[in-house]
Every structure is written in C-alpha cells, then in structure tokens.
Amino acid sequence: MKRALWVTLVVVLLVSSWSMVCTAETIELRVAWWGSQDRHNRTLGAIELFEKKYPDIRVEAEFSSWNGYWERIAAQAAGGNLPDVFQQDMQYIDLYASRDLMLDLNPYVENGVLDLSNVDESFIVGGRIGGELYAVNLGSNSLVGVYDPELYAKADIPEPVPEWTWDEYMATARALHTALGIYADGGIPGGAFHGLQHYLRQHGYSIYAKDGKGLGYDDDELFAEFFNMDVQLAQEGVLPGMAERKEVTSPENELLVTGHAATAWMHSNQIVAMSAVADRPLAMRMMPKHKDQVKEGHYIKPSQFFSVAKSSEHKEAAVKFIDFITNDVEANQILMAERGVPISSKVREALEPLLNEVQKQTFDYVALVANHASPIEPPEPAGHPEVNRLLDDLHEQMLFGVLTPTEAAKEFRQEANRILERQ
Amino acid sequence: MASKRIWDSDDVAGYVFISPWLIGFFAFTVVPMLISLYLSFTQYDMLSPATWVGLDNYREILFQDRLFRQALKVTLTYALLSVPLRLVFALFLALLFVQDRMLVGVYRTVFYIPSVIGGSVAVAVMWRQLFGVNGALNSVLVSLGIIEKNVGWLTDPRTALWTLIVLAVWQFGSPMLIFLAGLKQIPVSLYEAAVIDGCNAWQKFIRITLPLLSPIIFFNFVMQTISGFMMFTQAMIITNGGPFNRTLLYILYLFRKGFADYSMGYASALAWILLVIIAAITALIFRSSSYWVFYEAKGD
Amino acid sequence: MYQYRRWLSSTLYHGFVLVLAFIVIYPVLWLVASSFKTQPEIFQSAHSLIPKSLHVENYAIGWRGFGRHTFGVFFRNSFYITILSTLGQVISSALVAYGFSRIRFVGRNFWFTCMILTMLLPGQVLMIPQYVMFNKLGWVNTHKPLIIPAFFGTPFFVFLLMQFIRGIPLELDESAKIDGCGRYGIFLRIILPNLKPPLVTAAIFAFYWKWEDFLGPLIYLQSTRLYPVSLALKLFADPAAVTNWGGMFAMSVLSLVPVFVIFVLFQDHIVEGISTTGLKG
C-alpha cells in the first residue's frame, strides 16, 4: 500500500516536471472578454480550435460579465498586468489608446499576420484612432427597431420602410396605439443617447465635438425637438412612461416581448436574444429619416473589439489569435455571429447557408443599413460614461415632467461641457 | 520563571494577543490606506501615473459637486431610517426566537435565510417582480382597494429609496443572530429574581434585558451604522441610483467615479471625506456609550 | 383557565410567526420555484410559487458551467477558500479580541482606534493599491489574497467578540488565576469555552460573507478554473443577451445549500446556554 503511494508520487512528480519543461516551450496567451454563458461557451469552443491549429500556444481564458469586467481590466492596467488580448468597447477605446496601453496593429496588417484583405474599410474604421489601428471589430451592428409584423397587420397599418421620416413615424405610432391600445414602441427610437446622436447626425452634427473636449452641436433647439417628440408621445400614452421603461432590464421583460408594445429599439446583434424570448416572428426596421436631413443618421457600429495589450510579451501570438477569430471559417461556425455580423466577407459567405431565420435577418439588416449609412463618429471621449449618465438623468426628469426639453437642453450643455473640458 | 513573568506581564501579553491583527495591519492595510490618501490629492485614472493636484479634488467635491451633496443626503436618509428599523426588527425577532418553544429552531432558520441571498442577481430580479409596475405588491394592494392605480415603486422618485430600506430591513439576519447570542449570555437567575420581586414581562425587559444586552446593542448599532453608510450592491443592481439620483448612495457614486469615469483620485478623496464623516458619527456613539452601555466586566 | 391561556398564547405566537415567516421567506421560495421553471415561465407567471412542472434539467444545464469548467470546480474552489479563511478569521479574531478587552497594555486605545478606523474607509478605493501590492507579491491569480489576510484578524469579529468577552464575569478570571492560570491559560480555559455562541455566530458570518464575496475573487482571480461559485454565478447574465435564467437560479439555489447546512448544523450552539440555561419566555 505504502509502496503504491510512493510509486504514484514519483510518477506524479515526473509527469509534472515533464509538463513543466513542456510549458516552458509553449506560449501562454491570456484572452479576456465579457458576455453571457452562450458567448463564453462559443468563444471557448473557438479557442479549442485555435489551440489545435497552433499547438505551441495555450490560451488562458479570462471571462466575466459586463459588470465587473472593466473593474478587473482597470486593476490589471494599474498593476501592469493586462491580458494579452482583451475585449474592448466603443466607449473606452479612446481612453485606453490615449494612455498608450494598446498595440498599434498596422504593422501586423502590413506583414500579413493580421489578414484584413477580405474586410471592407467601413467595418475597420471604428477601431482606428488617428490612423493607428488599435482594435479589431468583432462584429457589426446598427440601431434597429424590432417589431411584431402581426400587430401591424391587425391594426391594418403598412409596415415601416427605410424611407420613413420622423413625421411618418409619429403618425404611425399614434395610429398603432389608437388601433391596438398598446404602446407603439418601448421608448423613443434609439433611446436617449443613440436616438439623440442619430437625430443630430441627420442635421450634420454629433453629440461630441471631434476633439472630444465639448459638445458637437450649437443649436439646443435640436436637443429639444428630439426629446419633445418623446415627451409628447409619452404624455399621449403612445409611448410608455419613465417607470415602465426603467423596469426593462433584460430581453425577457422588454415590453415588446411581454406584448405591451409593438416595437423595441436596440442594436441589431441583440435581436437573437429578443427572438429567442419572444418566440414569434419579428421583423427589423431602420430609424426614421429626417425630412430635411443633410446626411444619414445610421452608421455601422462595431459591437465590440479585440485589442492587444502593449505590455504583452507575446504580441505576435496575440495578433494571430485575433486573425484567427476574424478569418477562420470553422471558428466562426462555432461563434455563429453571436457578437454581430462578422467583418470578413469570406466568413459571411461561408456562414450564409448555415444561418437560421433570425441570423439571416440580422445579416440582411446590416447589409441594408450599409446602403443608408454615413461614416461613424470618432470613438466616444473619456468623459462619455459620465455624460451618458447625465443624459439619462435629464431624460428621466423630462419624462417625469420635472424639466421641459428646452430646460434640459440648457442644463445638458452646461454640465456636459464641464465634464468634457475636465478630461 | 522570570521569563514566564515577562510573557505574562500586561504589556507583553497584550501585544502577543493582538499581534495577528497588528502584523496584518502593517502588512496588508496601512500601505494601501496611505496610498489611497495620497491618491486623493492626485488625478489618477489607474491607466497612467497619478499627477499631484493638491486640494483640487476636495475643493471640487465640497464646493461644486452637486451629486456629492445629493449622495450624502440620500445616504444619511437611508442610514437614519434603515439602521434603527433593522435593529428594532432584529431585536424583536431575537426576543421571539430565544424562547423555549416548539419549532423555534426551525423559525430561526427560516428567518435567517433571507439574509443569505444577499446581493445576488436573483435578488434584483425578484425585487423587481415584487415592486415593479406589474409586480406582486401592486396586485395585492389593488385587489385590497388600498391603491387605485399601479405604482412603480422602484422608479417613482418618492418611493424608490423606500424599496431599498425595506430590503435592508428584510435582511435583518446578522444583527438578529448577534442579539440571540447576546440574550443567551444574560444569566437566567436574574430573571428568576425579578419574577420573585413581582416584575411583569415589560419590567423584566426594561430592567434586565436592555441593560445587560447594551454592549451588544452598542455593537450592532455601531456596525450597522457603518454598514449603512457603506451599502452599495443592492442600490447598484436594483435601482442603479435612479430615478433622478434619488437612490444614489454614497458608495455607488464613489464607485462610478472611480471605475466608470476612471477618476480614482477623485473617488479616493470622496472616500476620505466619508471616513471623516463616519468617524465623527462613530466617535459620538462611542462617547454616548458611557451613559447607556453597561459592562459586566470593565476592560481593565 | 391557565391551560387555556397557555394554549392561546402559544397559538398567537405560532400564528404570528408563521404569517411573518411567509412574508419574509416569500422571495426565497420565489427563487427556489423559479429554479424549476422554464425560461418563459420565470417571467410570464412570475407570481406563481408552484412551477407548472418540475424542470430539474435546469440544475443539470446550470451545473455544466462554462466550457470545460463545471460547477464542481467552482464549488471546490469556494469550499477551499471559505473554509480556510473562516478558520483563520475566527481563531485570529478571538486572540485579538481577548488582548483588546481583558489586557491593559500601553497603546491599547490607540491600536483599537486604528482598528475601528480601518473599517471606515470604503474598500473600493483600496482595491487598486491592494491589487498592485498583491501583484508585486506574485499572489494575483492565486487564492492567496483571499485566504492569507484572513489569518490576521477581522475588525468586525474582533469587536464583536470583545463585546461578549466583556460580558464574562471577571470573577471567573480571578478564580482561574488563583488556580495558577496565566494569561494564556485563562484565554484557553475560561474565555474560549464561554465564548462559544459568539464564536459560532462569527463562524457562520465569516463563512457566508466569504462564500458570497465576488468582488475580491473578481479582481484577483483571472483563470476560470480558480473561480468560486459566487463569481461563476455572475457569468450567466449579460444585459444584452439571452441569459440562462433557469440554470442561473438553479445554481443560485445550490450555492445557498452549504450556507443553509452550516446554519442548521450550528444554530443550536448560538443559543446554547453557557454556565446558565438562558432566558425563559
């Protein structure tokens, strides 16, 4: 018995020391992302394929939920311990790039490690800051209204078309509400931030100035116009009040899903979740146009990116990983566009026959929007989270009738400029 | 023999006994605390080295930041209401469950369980099911005719903070357990003597239970006050500070400043201001304790 | 007459407690019920405490976890971290509490004030400095930062135990001294045995607080294979995606089981009389 124990011990020691020698040769690559269980499992599947293709690289997956992900990344950045590859978001990319924490990927595109030959520039541009490529888009999406076509049929109202203007939107929303007695939408198209951004873009402006040091529009009237539509419709009962909107925290209690509204506004990659819980056919519509618009409000938005940490000791392996996720067809058959429509046209073609009804819809939608879109704004400045909270707060107050949109516009300008100047 | 006496002398034995804490204090706590104090005088985004800004953070917080004032107001209201309510409720239940009755062990367990589902995502989902516009509370109240229209308890600026207070009171488990343990420390002979003297239940409670439990009441009072100020998770997952920042608890604000806005220097200054505020309140409670806390054995 | 009054008081007591119990426990029952419901049922018939049919597979699906890491791994990590740190906290806190409450030494009030002060600084601003420190020690991505500091006393428990030690009559110390006990003997023979209820209370809290803590593990642990249950539970949900609510609730319920078992096993000791049998109703 005792002898057996000794033998086992020696064997274990031998094996572990042998494996230590082995690991000394293989590269350990840390890859971090946020998401839900579905994304974790898909990404882990793709990683397994990656490890098979590159036997000398072992991937240590570090995944978490959105809540908590950024706290950990910040702590790791403070400790000089960032993962080699980490998922990046529109609202933080500028901040991390300006602190010199991300690797410029251009040299790797040039030397061919990162192959973007099948990717249209419009899908890449979101990850560029001042010419440098800091992050590779993992999937494209755009604002979308997901609606129940059955309800339009029931109300005998024609389904929305891309050419619709805000006026037509308002009229249809009222008609839907009158005919069916439910809310036309779960909220104003696009929601407070993205809706306002869309409206401003249609007038040739944007929420943030190009340098991010202040607001990017001068006319408070535009702000007031946009939110006046919202407040008016909410007062008429065409749109829900603040309380009901704020209670929506996951696809399951979205008013469209529970049958209290005909449309829900979101980003197009989220329709997969929405359809899964709604369990009935849903259709997709674009944001309304403006009758006097100077450019399209829509743009193709990167849902999220992968970036390489500048501190990484395995930069080439890290870029290889991103290249694999971007271009490998087999890996994408596992990932199945969960992060948005893949940016490589070759991958898109390969996935086409495998898509289910809903996934096909998102692919078609992003293709449709591409024809009605103008270029994306520069990434949001470092003060964005705070400005966004300010806007949410003012939005609540407008809906609750504490502030008029004109008053809110003034306060937004003053406070937002104060926040942005400080950065 | 002499060495044994040295080990047994008050000064040496005292330090021997507190040495675990003392070592940990110097190894794990002092340095981070001093660093955070230093950071409170800097602009620090965690991603690049801190830059010294002197008193700027403090000046902005104290004289310009209206959200700081809002957060302080919300937190004081929250602490002022939830701490006494929670303590009274916990003491009341402890008195019920200290009795020798059938099933009392089961009851203790049943009443402790709510406190262990704590700050989980499940609580947030559940709290919305209870207090939402179409939630359970509304259907009960409407069917009883107490209210006419559904109320959005979590999203109405008048009631949102109350839902968090109710949640705090509902999680009374830890002070209840401490009270239970405290009640058991009271010698039963005292009660027997009181019965002989003809005291009724109320008199027994006032003359024996309260004074003898006072060190434990004191402890719960101090700790619950501190944790009332530190409360954060529930506010984040249930109301997220809204509506109109009516549930913007201090730590939630600090956390957002630090980790969402990457202003860790500013957040550190907020933290040290809070430390001064709680220290003042705690000192007051400690001062007052000589008037109402009675120790069986003085600490000397 | 007396019999009748006793019956009445007992009925009132149990009636009152049961009604209150239902209100207090309702959310817990809701959680347990939801863990057996189908995905749509959780939201559509939220008020119902009785699932239409028992979907036990939620537990199987939830248990599978993420990739190669099942909840078996997460539970093992949780037990390892929690048991070690609970032991560490209770033992070290008892020592420190005795020092602070029974021994008069130079600098006692100063150190006690320091200890209270450490509780007043929000931990959120210590996270970054502590991370940097543990990173330099090479402790990041190990369980060490979650376990080792527990062996150096926890102010909350120190203060708690101090209050109870002060409730132990000094005469007991005196008589032990006469029997030839020194400081250390008094601690072992008088204080510790008399401190059982608060020690058990502290152990229950220490266990639960460590068990549910997720911010510490979130910051210090990177590799999924090291995650405890508390952190793994957060991996299910994403506000923008389909969340496996059934699996999440099932694992939430399962994660409550050890806490529940610990409580049931130890709760009798909280109310166990020491030298006396305690209060009668």
Segment of C:V259 engaging chain B (4.5 angstrom heavy-atom cut-off): side chain
Atom pair CG/CD of C:L195 and B:Q185 - distance to nearest 0.5 Å: 8.0 Å
C:F236 versus chain B, the contacting section by heavy-atom distance below 4.5 Å: neither
Which atoms of B:L177 approach chain C - backbone, side chain, both or neither, heavy atom under 4.5 Å: both
Contact class of B:A283 relative to chain C, heavy atoms under 4.5 angstrom: neither
CA sep, side-chain torsions, deciding dist, call: C:Y26, B:W170, side-chain contact (heavy atoms from CB on, under 4.5 Å): CA-CA 11 Å; C:Y26 172 83; B:W170 175 65; over 6 Å; no
Any donor-acceptor N/O pair, C:Q163 side chain to B:I216 backbone, under 3.5 Å: no
Spacing of OH belonging to C:Y208 relative to OG belonging to B:S115, to within rounding of 0.5 Å: 7.5 Å
Mutual orientation of the aromatic rings belonging to B:F218 and C:F159 [parallel < 30°, tilted 30-60°, perpendicular > 60°]: perpendicular
Between CD1 on residue B:I113 and CG on residue C:L31, distance to nearest 0.5 Å: 11.5 Å
Portion of C:L256 that has a non-hydrogen atom of chain B nearer than 4.5 angstrom: side chain
Separation between CG of B:L93 and CG of C:L20, rounded to the nearest 0.5 Å: 6.0 Å
Point-to-point distance, once rounded to the nearest 0.5 Å, from OG1 of C:T113 to CZ of B:F286: 8.0 Å
Part of C:T154 within contact of chain B (heavy atom distance under 4.5 Å): neither
B:L96 portion near chain C, given a 4.5 angstrom heavy-atom threshold: both
Interatomic spacing from CG in C:L120 to CD1 in B:I277 - rounded to 0.5 Å: 11.5 Å
Contacting region of C:F214 [heavy-atom separation from chain B under 4.5 Å]: neither
Under 4.5 Å from any heavy atom of chain B - which part of C:F156: both
Under 4.5 Å from any heavy atom of chain B - which part of C:H14: both
Between B:L180, B:I23, B:L254, B:I178, the one whose heavy-atom pairs under 4.5 Å with chain C are most numerous: B:I178
Plane angle bin for C:Y98 and B:F17 - parallel if under 30°, tilted between 30 and 60°, otherwise perpendicular: perpendicular
Minimal non-hydrogen separation, B:P114 against C:I25, with atom names: CD-CD1, 4.5 Å
Per-residue contact mode, B:F205 against chain C (heavy atom under 4.5 angstrom): neither
Region of C:L160 that comes under 4.5 Å of a non-hydrogen atom in chain B: both
B:F25-C:F152 aromatic ring centre distance below 6.0 Å: no
Worked verdict on B:M230 versus C:M119 for side-chain contact (heavy atoms from CB on, under 4.5 Å): CA-CA 10 Å; B:M230 299 287 179; C:M119 285 192 283; over 6 Å; no
B:Y112-C:F260 aromatic ring centre distance below 6.0 Å: no
Region of B:L130 that comes under 4.5 Å of a non-hydrogen atom in chain C: side chain
Heavy-atom donor-acceptor pair, C:Y184 side chain to B:A13 backbone, under 3.5 Å: no
Atom group of C:F22 that falls short of 4.5 Å from chain B, counting heavy atoms: neither
Main-chain N/O of C:S93 paired with B:W21 side-chain donor or acceptor, under 3.5 Å: no
